[in-house]
There are 2 protein chains.
Amino acid sequence: MARTVDTERYAARRLQIIDAGLTVIAERGYDGATTARICRQAGIGSGTFFHYFATKADLLLAILELGTAETREKAAAFEGRTDALAVLLELVGAAADEAADPRVPGFVRAVAGVMHVPAVAAALAEDDAAQRELLLHWVERGRAAGEVRTDVPAGRLASWLTLLMDGFLERVAVDDGFVAADERELLVATVRDFLRGVGPPPHP
Amino acid sequence: MARTVDTERYAARRLQIIDAGLTVIAERGYDGATTARICRQAGIGSGTFFHYFATKADLLLAILELGTAETREKAAAFEGRTDALAVLLELVGAAADEAADPRVPGFVRAVAGVMHVPAVAAALAEDDAAQRELLLHWVERGRAAGEVRTDVPAGRLASWLTLLMDGFLERVAVDDGFVAADERELLVATVRDFLRGVGPPPHP
DNA sequence: GAGTTCCTGGATCGCGTGCTCCAATAATGG
DNA sequence: CCATTATTGGAGCACGCGATCCAGGAACTC
């Protein structure tokens, strides 16, 4: 026999390439991110790249799956909480914090540009589903506790929360005057008002 | 002398290609929209295409400029109105109606994917500026009339309106359960509440 | 240290793309 | 009806890309 597979080294290399891919894709777009550039960013040769990912598209999918996994972890971390509205506001706040990383908005729009590729659309749908499940869970609990409006179905409220978070991300990416850290508070306040509903003031 | 340039025919042909480009780009993304496919969609040969647009990128820019021009027309149509809040809500409602055209959200995300190309970024910035100017104008008038909250600067309110409209567009594109026509009313109501501000109810 | 397998980089290939070129055609003026 | 020029289609070109291939080195077992 001879050397065994060093899974730790392997995983580290893989993450290194993923990180390089995220960086380059975020700043050049998916098609602008040539494998050559990703390799240069990662400090590797193209042979190495295709040893870890059969295809450039596979790298993108790996990045997306990583994101989905993080969402699932986040969901697990909130298990056992009972203050639904507070949880929802923390989730929204966390999204605002993520938007502060300059790579995130760039990557998101890059991915949007290749949505028509079926595999990417599927991965993104899974990501969306994970996030949606998380939001929906707490929206429903919030409704049960009387903290969240009931004039709009829970599913639609979850969609609207995503709308606000995605819109926030987009604004950060495009609008120079729109700084994530400065707008975070207004986002949380707006979401709170939206979830409470406004017609009649909730707690007079 | 011989035949003169038929500007009408020329403009029509040009619009035909623009329309084909919009369709194909919306459904395939920018890089997925090969010039060959655009030509097939328009029913022309590649020679004709490059007779009207020196470059594939030029077609994209022409589409974007058309959009900017439409925004300017819309702005002109509202001249003379005095009910600022109503104007703003009409603008938001119009954005929701546009989102119902299935090509619009697809095209928007396709463009997002090529934002890193300087010329595209510039054209999009101009588009953004036109929309922003329009919103800002009426936000300021609304504030002066006491219809719009004053605890947040007008510029930031304009950014937030864009956030809501863009987020809406994105949701329509991604979320199958999110139908533009069904959500329109909630969008308008949410924007109204957002513009009024909520802390203390405005008109008890 | 020998043997074996895994890992790595870079030269190289084939393909699809945006774009050019030119001959044929349509449209106009005299 | 002829001359002239705008307009058109499509064959073909050059290039850049993703992906392949392979030879040398590294890592590990015995």
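All values below come from the heavy atoms of this structure, side chains included, with hydrogens, waters and symmetry mates left out. We name chains A, B, ... by the order of the sequence lines, and we start the count at 1 in each one.
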Could you give the [atom1]-to-[atom2] distance, from [X] to [N], as a whole number of Å?
{"X": "B:Y10", "N": "D:dT5", "atom1": "OH", "atom2": "P", "answer": "19 Å"}
{"X": "A:Q16", "N": "C:dC7", "atom1": "CD", "atom2": "C1'", "answer": "13 Å"}
{"X": "A:R40", "N": "D:dC17", "atom1": "CZ", "atom2": "C1'", "answer": "13 Å"}
{"X": "A:E8", "N": "C:dC7", "atom1": "CD", "atom2": "P", "answer": "14 Å"}
{"X": "B:I44", "N": "D:dG10", "atom1": "CD1", "atom2": "P", "answer": "11 Å"}
{"X": "A:I17", "N": "D:dG18", "atom1": "CD1", "atom2": "C1'", "answer": "15 Å"}
{"X": "B:L59", "N": "C:dG18", "atom1": "CG", "atom2": "C1'", "answer": "13 Å"}
{"X": "B:F49", "N": "D:dT8", "atom1": "CZ", "atom2": "P", "answer": "14 Å"}

Legend entry - Check: B:T35 side chain, C:dT17 base, donor-acceptor under 3.5 Å: no
Inset, instruction - Could you tell me how the ring of A:F178 sits relative to the ring of B:W160: parallel (under 30°), tilted (30 to 60°) or perpendicular (over 60°)? - result: tilted
Answer yes or no: does a side-chain N or O of [X] lie under 4.0 Å from OP1 or OP2 of [N]?
{"X": "B:R9", "N": "C:dA27", "value": "yes"}
{"X": "A:Y52", "N": "C:dC7", "value": "no"}
{"X": "A:R13", "N": "C:dT8", "value": "yes"}

Legend entry - Shortest non-hydrogen contact from B:A123 toward B:L61: CB-CD2, 3.8 Å
Inset, instruction - Give a yes/no verdict on a cation-pi contact between B:R149 and B:F194, requiring under 6.0 Å between NZ or CZ and the six-membered ring centre and an angle within 45° of the axis. - result: yes
Legend entry - Nearest-0.5 Å distance that lies between atom OG1 in A:T190 and atom CG in A:L164: 7.5 Å
At under 4.0 Å between heavy atoms, what does [X] touch on the DNA or RNA strands: base, sugar-phosphate, or nothing?
{"X": "B:S46", "answer": "base"}
{"X": "A:A57", "answer": "nothing"}
{"X": "B:T34", "answer": "sugar-phosphate"}
{"X": "A:G43", "answer": "sugar-phosphate"}

Legend entry - Shortest side-chain distance from A:F50, nucleotide among C:dC19, D:dT7, D:dT20: D:dT20
Legend entry - 5' precedence on DNA chain D between B:H51 and A:T55 (nearest-nucleotide basis): B:H51
Legend entry - Within-4.5 Å side-chain heavy-atom neighbours: B:R141 and B:H137: yes
